[in-house]
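Scroll down for the structure; my scribbles are underneath it.
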Amino acid sequence: MNIALLADKKYMFTPEENNDFIWVVIGSPWGLLAIWLLLINVITFLVFGLDKWKARRKEKNEKVRRVPERTLLLLAALGGSVGALLAMKAFRHKTLHKAFRFGVPLILALQIMVPFGLWLYVSAIR
């Protein structure tokens with residue numbers, strides 16, 4: 001890796017070869033955010049699918065424990081709202097519950113509006 005000295009005395013790592021890309025992604029806050037959003041959305045999608053599978057299985061065996069709705073909504077609030085919406089469509093799961101039908105899109109809207117509002121405040125208003 002090549003270390004470049006910036007004007008304000010901070011160090012920045014720049015890749016020299018193709019295999020240094022992963023270090024730039026991990027060292028960048030945007031890269032970490034992208035990795036987090038990818039992981040939490042995949043996990044949320046899979047947990048929704050697991051809950052749907054358990055719901056079908058519970059009809060035959062009452063001892064099956066389902067994933068709590070609070071956990072599903074928490075996963076959506078932690079950044080997995082896109083995965084939750086996709087899972088709701090793909091598995092046709094939790095689509096009749098008002099908390100999910102209105103709550104998950106509201107969470108997604110907030111997850112888009114709050115960072116945009118912060119960016120607007122920092123760049124234009126401040």
Side-chain angles (χ1 to χ4, degrees):
M1 273 189 220
N2 187 12
I3 299 177
L5 183 61
L6 298 175
D8 58 346
K9 306 284 186 201
K10 291 184 181 178
Y11 291 97
M12 183 178 92
F13 294 100
T14 57
E16 288 180 356
E17 300 173 9
N18 291 338
N19 62 354
D20 286 341
F21 174 76
I22 190 72
W23 298 113
V24 172
V25 170
I26 291 174
S28 164
W30 294 110
L32 290 175
L33 178 64
I35 290 170
W36 169 255
L37 288 176
L38 180 68
L39 285 175
I40 194 68
N41 279 291
V42 168
I43 290 169
T44 303
F45 185 85
L46 294 175
V47 170
F48 266 77
L50 175 70
D51 188 50
K52 179 64 176 190
W53 179 75
K54 285 184 173 187
R56 286 184 178 165
R57 204 161 164 234
K58 189 170 177 105
E59 293 172 359
K60 298 173 188 170
N61 183 3
E62 296 198 16
K63 293 182 181 179
V64 175
R65 294 191 66 193
R66 302 262 315 267
V67 178
E69 290 184 356
R70 176 183 280 171
T71 303
L72 296 173
L73 288 172
L74 178 65
L75 285 170
L78 290 174
S81 54
V82 173
L85 282 173
L86 291 174
M88 287 171 64
K89 298 287 185 198
F91 301 121
R92 295 186 198 133
H93 189 51
K94 301 288 186 187
T95 55
L96 299 178
H97 294 259
K98 289 183 182 179
F100 288 90
R101 190 171 25 154
F102 300 115
V104 174
L106 179 66
I107 290 170
L108 177 61
L110 287 173
Q111 289 173 344
I112 293 171
M113 289 187 324
V114 168
F116 178 73
L118 289 172
W119 172 79
L120 186 65
Y121 172 75
V122 168
S123 64
I125 298 172
R126 192 170 175 208

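By convention here, the first residue in the shown sequence is residue 1.
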If two hydrophobic side chains count as joined below 4.5 Å and joins carry through other members, does [X] share a cluster with [Y]?
{"X": "Trp36", "Y": "Val82", "result": "yes"}
{"X": "Leu110", "Y": "Leu74", "result": "no"}
{"X": "Leu75", "Y": "Leu33", "result": "yes"}
{"X": "Ile107", "Y": "Leu78", "result": "no"}

Completion exercise
What one should report as the nearest heavy-atom pair of Leu96 and Arg101 is O-NH2, 3.8 Å

Handout entry: Matching residue for Asn41 among Leu39, Leu38, Leu37 - test: side-chain contact (heavy atoms from CB on, under 4.5 Å)
Key = Leu37

Exercise for the section: Keeping the roles fixed (side chain from Gln111, backbone from Ala76), state whether a donor-acceptor pair exists under 3.5 Å. Expected result: yes

Exercise for the section: Answer yes or no: is there a donor N or O on one side and an acceptor on the other, between the side chain of Lys94 and the main chain of Met88, under 3.5 Å? Expected result: no

Atom pair [atom1]/[atom2] of [X] and [Y] - distance to nearest 0.5 Å:
{"X": "Thr44", "Y": "Leu85", "atom1": "OG1", "atom2": "CG", "answer": "10.5 Å"}
{"X": "Phe48", "Y": "Leu86", "atom1": "CZ", "atom2": "CG", "answer": "10.5 Å"}
{"X": "His93", "Y": "Leu72", "atom1": "NE2", "atom2": "CG", "answer": "6.0 Å"}
{"X": "Phe100", "Y": "Leu73", "atom1": "CZ", "atom2": "CG", "answer": "4.0 Å"}

Practice task
Would you mind listing the cluster partners of Leu118? Hydrophobic ones only (ILVMFWY), side-chain contacts under 4.5 Å, chaining allowed.
Solution key: Val114

Handout entry: Flag if over 12 foreign heavy atoms under 6.0 Å of CZ, Arg56
Key = no

Problem - Aromatic ring pairing Phe91/Phe45, orientation class (parallel under 30°, perpendicular over 60°, tilted between) - result: tilted

Practice task
Taking salt bridge (charged side-chain N to carboxylate O under 4.0 Å, His left out) as the test, write out the residues that go with Arg66, two or more places apart.
Solution key: Asp51

